[in-house]
Novice: 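Sharing a structure, written as structure tokens. Questions coming.
Labels below follow one simple rule: chain letters A, B, ... track the order of the sequence lines, proteins then strands, and each chain is numbered from 1.
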Amino acid sequence: MSQHVIPQKVYYLVFVTLILLTLVTVDVAFYNFGFLNIYIAMGIATVKATIVALYFMHLRYNPRLTWLFAGAGILWLFIMFVLTIADYITR
Amino acid sequence: MSNTVHHSVVDRENDYIHAGYGLKSWLLTVDHKRIAILYLISITIFFFVGGFFAFLLRLELMTPAGDIVSAETYNKLFTMHGVVMIFFFLIPSIPAVLGNFLVPLMIGAKDLAFPKLNLMSWYVYNIGGIFALYALVNGGVDTGWTFYTPYSSTYSLSNVVPVVIGAFILGFSSILTALNFIVTIHKMRAPGLTWFKLPLFIWASYATSIITVLATPVIAITLCLLLFERLMGVGIFDPALGGDPILFQHLFWFYSHPAVYIMIIPSMGVISEVVTCFARKRIFGYKFMAYAIMAIAIFGFLVWGHHMFISGQSVYAGFVFSALSFMVAIPSAIKVFNWTATLYKGHIEFRTPILYAFGFIGLFTIGGLTGLFLASLATDVHLTDTYFVVAHFHYIMVGGAVMGYLGGIHFWWPKMTGRMYNEAWAKFSALILFVGFNLTFFPQFVLGYLGMPRRYYIYPDEFQVLNVLSTAGATILGLGYIIPMVYLLWSLRKEKNVGTNPWGATGLEWTTQSPPITHNFEKTPVVTGEPYVYQEEEKVVE
Amino acid sequence: MSNNSDSAVGHAHHFTDMDQQREASTLGMWTFLVTEIMFFGGLFVAYALYRSMYPEAFAEASLRLNLLLGAINTGVLICSSLTMVLAVRDAQSGKVKGLVRYLIATIVLGSAFLVIKAFEYSHKIHEHLIPGSSFQFAGPFGQQAEMFFSLYFMMTGLHAIHMIIGIGVLSVLLYQAKRGRFTAEYYSPIDVAGLYWHFVDVVWIYLFPLLYLVSRH
Amino acid sequence: MSSFPLLPDSASTISDQIDALFFFLVAVSVFFSLIITIALAFSAARYRKGSTASRKGALSDYLPLELAWSIIPLIIAMFIFGWSAKLYLDMHVAPANAMEVYVVGKQWMWKIQHPGGNREINELHVPVGRPVKLIMTSQDVIHSFYIPAFRVKQDVLPGKYTTQWFEATKPGEYHLFCAEYCGTSHSGMIGKVIAMEPADYEKWLSGTSSAGIAMASSGAEVFERFGCKTCHRQDTGLRGPALDGLWGKQVKLADGKTIVADQEYIRESILNPGAKTVAGYQQLMPTYKNQLTNEQVNQLIEYVRSLSATQENQGNNQ
Ligand code: HEA
Ligand code: HEA
Ligand code: CUA
Ligand SMILES: [Cu+2]
């Protein structure tokens with residue numbers, strides 16, 4: 001694992017992006033895109049979560065094993081989600 | 001650390017058992033081997049508590065009418081039996097006892113990665129246990145171990161809350177152990193010990209830990225929601241309040257089906273070690289065995305809906321879950337065949353552990369094959385919620401997992417204690433267990449096919465003969481569990497009478513003294529060879 | 001790379017060196033975060049299901065949440081993530097003073113989040129929006145709206161508990177940092193606590209649009 | 001201990017088919033168990049330690065063998081899956097001409113009502129040779145309606161309808177069990193299914209004391225008594241949609257979706273009118289959740305359905 005000290009600038013940049021995306025997500029919520037609303041909101045949230053993970057949580061500088069673990073968590077959440085909801089929409 | 005006593009003049013021995021004296025040295029220990037012993041004690045107590053309930057159940061079922069206990073008591077008996085056996089005995093059994101003891105030894109490490117966390121997990125386990133026991137003395141709980149809503153959330157008048165809190169707390173104990181194993185296996189293997197040189201028991205512990213980490217949090221949150229609903233009177237699962245009871249079943253089985261593999265995979269690991277040791281032959285298809293374990297662990301997550309074929313789940317979801325259930329049977333098939341092939345052309349030595357292994361293979365096969373009856377949609381409609389299911393899971397959990405656990409205890413007992421038990425008694429009790437087991441549970445397959453529903457306190461007369469057989473078997477079975485208690489404890493009174501490697505087995509745990517020293521190895525071992533290199537003839541290292 | 005295994009603190013007896021110890025604790029924390037994903041995951045599944053079953057009620061009920069406070073809290077939390085990551089950075093470079101300063105900032109911001117949350121909760125109590133027998137919701141969707149609020153309180157409540165635990169952990173670390181426990185060689189506890197803190201932030205990143213922004217149009 | 005059967009009665013059109021699959025599975029299981037047992041016994045006897053049998057050519061790896069015993073079981077398993085899925089689907093789709101019977105489960109009894117109005121408790125009379133579809137719901141917790149001799153079972157849920165169907169082939173009395181644990185007297189929630197020759201069944205229908213008022217007419221009464229007519233009948237001014245011709249039609253909802261007006265929909269409309277609003281209407285209708293029993297809801301449903309039976313081509317309901 002690399003104990004890479006990341007320049008402060010990166011962190012401030014990430015911070016500003018996160019704040020901006022928060023404003024965007026609030027603003028966008030006032031327009032109606034029909035069924036797309038939820039996808040847009042979740043899309044923005046996912047972008048935010050990803051950059052938090054990559055930079056604040058240093059995932060980007062971590063070994064592949066850490067990626068595997070983080071990925072497994074998300075994949076399993078997805079499995080639970082999809083198979084459960086699939087039951088309801090095919091009733 | 002404080003094991004500097006070994007060169008003192010007093011006649012003290014330099015092993016983990018003698019590394020410190022007094023209760024405090026045990027209750028505050030961070031040595032994985034001592035924690036394993038602590039777990040062994042807790043788990044054994046719960047096993048006998050659960051077994052006692054089973055015995056009362058069987059007694060009641062001897063006659064069609066309700067004569068020994070009341071209906072409420074009966075319902076509490078099978079609930080507490082299931083809860084205790086599953087959550088407090090079988091899930092922690094092999095991981096927390098044998099796994100704790102062996103994982104660091106087998107990979108040549110001094111301890112688990114987080115020793116304090118390990119001790120904490122034992123305390124957490126016991127706190128969970130106290131809640132369950134509190135519920136017990138306070139009148140018990142009657143929801144069935146599955147806690148189906150809305151019965152558990154709204155209608156049941158029994159102690160749902162403490163039991164659910166107990167199970168919730170217990171979950172953290174499993175998670176802590178699993179997390180510890182994962183990190184330890186990843187980060188603390190001895191130099192040269194690559195993944196495909198690991199003993200299969202380590203693969204099994206790893207796979208089990210992965211399942212635990214991914215599944216247990218889901219039951220935790222599900223139980224939280226259940227508590228929330230029950231305490232606040234809001235609707236999450238109760239349709240009268242706008243909720244959906246099937247969601248509970250989805251979340252519950254998302255955990256509880258993988259949990260059945262938490263129970264069986266460690267046993268499979270034990271059996272792999274035992275079979276190759278007493279066949280004096282390398283395990284057949286090592287890599288397939290390792291992959292099969294991982295495949296069971298992963299695909300085991302995709303089949304939970306097979307518990308819900310008649311629940312009102314969609315037909316299409318039923319198809320998917322059924323097909324996947326059949327697929328998950330394939331890696332299990334590989335394991336059974338490979339054990340069998342390992343024995344072929346071996347030099348089989350009939351010591352006690354392999355008798356348990358034979359029992360395991362046979363009974364697990366029957367249990368697994370009857371799982372196919374249940375995975376098959378149309379037959380499950382008839383068989384679900386009957387004694388066929390009860391027989392299926394006891395074949396796997398008692399005939400399989402518990403046999404594997406006992407086999408493992410017998411295999412590593414000399415390592416853990418430095419003593420050999422009386423093998424004549426041990427073989428006798430293995431036989432008793434096998435006979436008693438089949439007499440108890442085989443009739444239940446027939447009962448289930450005839451249509452006797454499970455969780456029935458009274459039943460129609462025509463089912464009596466088979467029930468009497470089952471009860472008779474349970475008595476024999478109970479006896480079979482008491483004998484090992486006696487001769488194992490008895491063995492402790494003897495002199496230390498085994499060397500480093502009494503079975504002539506491979507594996508790092510057999511290269512250090514019995515019982516091991518606190519730091520496991522005088523010097524960190526370096527691994528160069530493959531696992532399970534058994535020579536044509538046995539080489540007993542003394 | 002530090003491999004000075006005889007540093008002031010030193011690795012625990014069962015590890016071979018500092019690197020192994022640090023890698024173990026990072027991997028341990030990520031594994032723990034996986035369990036957290038699944039833990040919150042159960043709630044998210046319930047939320048998704050009920051929202052798709054009762055879309056109108058959820059839209060209606062969501063309007064009763066205070067968007068301004070929610071948005072401010074999101075900002076507060078993001079700020080606290082920034083100060084946290086800066087604390088880790090100073091720990092990495094052995095700047096104890098900066099570490100202490102940023103830890104304090106993180107704790108203050110985390111507490112501010114909780115205070116604002118407490119305001120929101122007390123408003124809900126006034127408006128009888130606490131699920132249970134006293135729940136009142138005018139309009140046709142009473143029961144389903146109650147479901148929304150059940151999930152709202154479960155999700156934000158659980159999140160708040162995580163925040164409280166996080167603040168507790170950071171306070172202990174602050175105390176230790178002040179006493180000079182951490183060096184450029186040994187700072188895994190800070191690193192690992194940072195991971196946890198950011199994860200809690202990520203959960204909120206999802207909770208905010210799901211709960212506050214269901215239908216503002 | 002009068003009798004000691006080893007095979008259950010088989011008394012429905014599906015039961016023999018299930019048994020065929022069951023015995024196929026038994027054969028597969030016996031086959032594999034025997035292979036394993038024989039192989040184990042053979043090795044145990046021949047290759048025990050110290051025996052002189054030759055171990056030449058002992059293998060610890062052989063890919064073709066591994067593949068063989070992965071793929072052959074997989075093929076067998078998929079075959080079983082296909083077979084059982086086909087049967088399961090058949091068990092799910094009731095024939096169109098099925099006679100419908102309403103079942104309400106509650107702790108701890110079964111309440112049954114035939115369309116003709118006959119009610120029974122813990123007994124279900126059915127004619128042989130005619131498909132019967134059960135429309136089931138529960139008043140409290142989950143139950144499960146299980147007739148072993150017919151090999152059918154289905155959970156009965158509160159707040160929702162589930163269905164199952166069967167066609168009895170042999171007159172006789174069969175067990176009826178509640179198979180989902182439902183509390184103290186779960187094992188007492190049992191009864192009888194009495195399959196009768198059609199003629200006997202007709203006789204039974206007219207002979208029982210509860211016979212007479214058809215469900216639809218009871219429903220009409222409920223409709224009157226609970227004031228549904230104030231909004232749903234022409235002569236009082238239609239504040240809600242007219243219900244004539246509603247049954248089985250596609251209903252357009254306010255959110256743009258459409259839904260078929262079946263038991264489930266009508267039940268929801270009555271008990272939870274807020275859930276789905278008909279396009280073009282205000283959400284005016286009060287909930288009847290705590291006022292109507294499950295039986296009354298069932299009667300209302302039969303009533304609404306009867307409105308369509310008489311006015312088959314009334315056009316759609318807006
Ligand atoms: C350790 C525990 C354990 C294990 C390992 C299993 C393993 C399996 N289980 Fe079991 N099961 C339980 C414990 C377990 N189960 C419990 C506790 C319940 C009831 C819970 C409750 O309701 O209270 C249950 C219930 C249960 C059900 C639901 C029944 C119902 O309620 O309606 C189903 C349905 O599919 C099922 C299927 C299976 C299958 C397909 C496997 C497979 O993994 C088995 C695979 C093994 C083999 C198949 C044998 C070896 C293979 C061969 C010898 C080769 C031949 C193979 C082929 C031809 C494919 N189980
Ligand atoms: C690991 C899991 C495990 C284990 C080991 C067992 C072990 C046993 N089980 Fe268990 N069982 C379950 C898990 C397990 N069970 C589960 C999950 C359920 C479902 C619960 C539910 O429906 O919610 C269940 C349900 C269940 C039922 C069905 C109840 C019902 O549906 O109404 C029955 C009935 O025969 C039964 C019997 C037995 C027997 C005879 C044993 C025997 O193997 C036990 C033998 C052990 C002993 C007998 C103890 C040793 C002896 C003593 C302590 C001395 C006793 C003292 C005197 C005799 C005075 N079990
Ligand atoms: Cu009704 Cu069991
Ligand atoms: Cu399962």
Novice: I need the minimum non-hydrogen distance between C:L211 and C:S62, along with the two atoms involved.
Specialist: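 That closest heavy-atom pairing would be O-OG, 3.0 Å.
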Novice: Is C:T74 in contact with chain A via its backbone, its side chain, both, or neither, using a 4.5 Å heavy-atom distance?
Specialist: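 Side chain of C:T74 only, per the 4.5 Å heavy-atom cut-off to chain A.
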Novice: Using a cut-off of under 4.5 Å on heavy-atom pairs, state which of A:F69, A:Y31, A:Y55 scores highest against chain C.
Specialist: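 When all of A:F69, A:Y31, A:Y55 are compared, A:F69 has the most.
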Novice: Minimum heavy-atom separation for C:Q21 to C:Y186, with atom names?
Specialist: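 Closest pair (atom of C:Q21, atom of C:Y186, distance): NE2-CE1, 4.4 Å.
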Novice: What residue in C:T35, C:V214, C:I37 has the most heavy-atom pairs under 4.5 Å with chain A?
Specialist: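 Heavy-atom pairs under 4.5 Å are most numerous for C:I37.
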Novice: Is there a donor-acceptor contact under 3.5 Å from the side chain of A:T25 to the main chain of A:L21?
Specialist: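 Looks like no, no N/O pair under 3.5 Å.
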Novice: Do other residues, nucleotides or ligands put more than 12 heavy atoms under 6.0 Å from the CZ atom of A:F30?
Specialist: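 Atom CZ in A:F30 is crowded, with more than 12 foreign heavy atoms closer than 6.0 Å.
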Novice: Taking the six-membered ring for Trp, are C:F208 and C:H159 ring centroids under 6.0 Å apart?
Specialist: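 Between C:H159 and C:F208, which both carry aromatic rings, the centre distance is not below 6.0 Å.
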Novice: Going through the distances and angles, do A:I38 and A:M42 end up as a side-chain contact (heavy atoms from CB on, under 4.5 Å)?
Specialist: CA-CA 6 Å; A:I38 179 79; A:M42 287 298 97; 4.2 Å; yes
Novice: Checking C:S93 side chain against C:K95 main chain: does a donor-acceptor pair fall under 3.5 Å?
Specialist: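 The answer is no, because no donor-acceptor pair under 3.5 Å joins these two groups.
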Novice: So if I take each residue of residues 82-91 of chain A and look for any heavy atom under 4.5 Å from a heavy atom in chain C, which residues do I end up with?
Specialist: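 Within residues 82-91 of chain A, the residues that come under 4.5 Å of chain C (heavy atoms only) are A:T84, A:I85, A:Y88.
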Novice: Look at the side chain of A:W67 and the backbone N and O of A:L59, then say whether any donor-acceptor pair between them is shorter than 3.5 Å.
Specialist: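 Confirmed, A:W67 side chain pairs with A:L59 backbone.
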Novice: Identify which part of A:N32 has an atom lying under 4.5 Å from any heavy atom of chain C, answering side chain, backbone, both or neither.
Specialist: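 Looking at A:N32, backbone and side chain both touch chain C.
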Novice: Is the distance between the ring centroids of C:Y187 and C:F182 under 6.0 Å?
Specialist: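 So the answer is no for these two rings.
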Novice: Sort C:I205 into side chain, backbone, both or neither according to what part of it lies under 4.5 angstrom from a heavy atom of chain A.
Specialist: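 Looking at C:I205, backbone and side chain both touch chain A.
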Novice: With a 6.0 Å cut-off on ring centres, are A:F15 and A:F56 close enough?
Specialist: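 They do not qualify: ring centres at least 6.0 Å apart.
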Novice: Which region of A:L65, side chain (C-beta onward) or backbone (N, CA, C, O), has a non-hydrogen atom less than 4.5 Å from a non-hydrogen atom of chain C, or is it both or neither?
Specialist: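 Looking at A:L65, just its side chain touches chain C.
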Novice: Between C:V34, C:L213, C:L86, C:I78, who has the most heavy-atom pairs with chain A when the cutoff is under 4.5 Å?
Specialist: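 Counting heavy-atom pairs under 4.5 Å, the top option is C:I78.
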Novice: Is it the side chain or the backbone of C:V202 that comes within 4.5 Å of chain A heavy atoms, both, or neither?
Specialist: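 Only the side chain of C:V202 comes within 4.5 Å of chain A.
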Novice: Can you tell me how far CG of C:L207 sits from OG1 of C:T156, rounded to the nearest 0.5 angstrom?
Specialist: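 The distance works out to 7.5 Å.
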Novice: Between C:R22 and C:S188, what is the shortest heavy-atom contact and its length?
Specialist: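 Smallest interatomic distance, heavy atoms only, reads CG-OG, 3.7 Å.
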Novice: So, for A:F33 and A:I40, which heavy atoms are closest and what is the spacing to 0.1 Å?
Specialist: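 Shortest heavy-atom separation between A:F33 and A:I40 comes out as CD1-CD1, 3.5 Å.
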Novice: Does the C:T83 side chain pair with the main chain of C:S80, one donor and one acceptor, at a distance under 3.5 Å?
Specialist: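 Flag set: sc C:T83 to bb C:S80 pair under 3.5 Å.
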Novice: Please determine, among C:G75, C:C79, C:S52, the option with the most heavy-atom pairs under 4.5 Å with chain A.
Specialist: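 Of the candidates given, the most pairs with chain A belong to C:C79.
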Novice: With chain A as the partner chain, list the residues of residues 40-50 of chain C whose heavy atoms fall under 4.5 Å from it, by residue number, and write 'none' if nothing qualifies.
Specialist: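 Within residues 40-50 of chain C, near chain A: C:G41, C:G42, C:F44, C:V45, C:A48, C:L49.
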Novice: Name the region of A:V26, side chain, backbone, both or neither, that has any atom closer than 4.5 Å to a heavy atom of chain C.
Specialist: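 Both parts, backbone and side chain.
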Novice: In terms of heavy-atom proximity below 4.5 Å to chain A, should C:V203 be classed as side chain, backbone, both, or neither?
Specialist: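 Neither; nothing under 4.5 Å.
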Novice: What closest approach, in Å, do C:L99 and C:I190 show between heavy atoms, and which atom pair accounts for it?
Specialist: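 Scanning both residues, the minimum pair turns out to be CD1-CD1, 3.8 Å.
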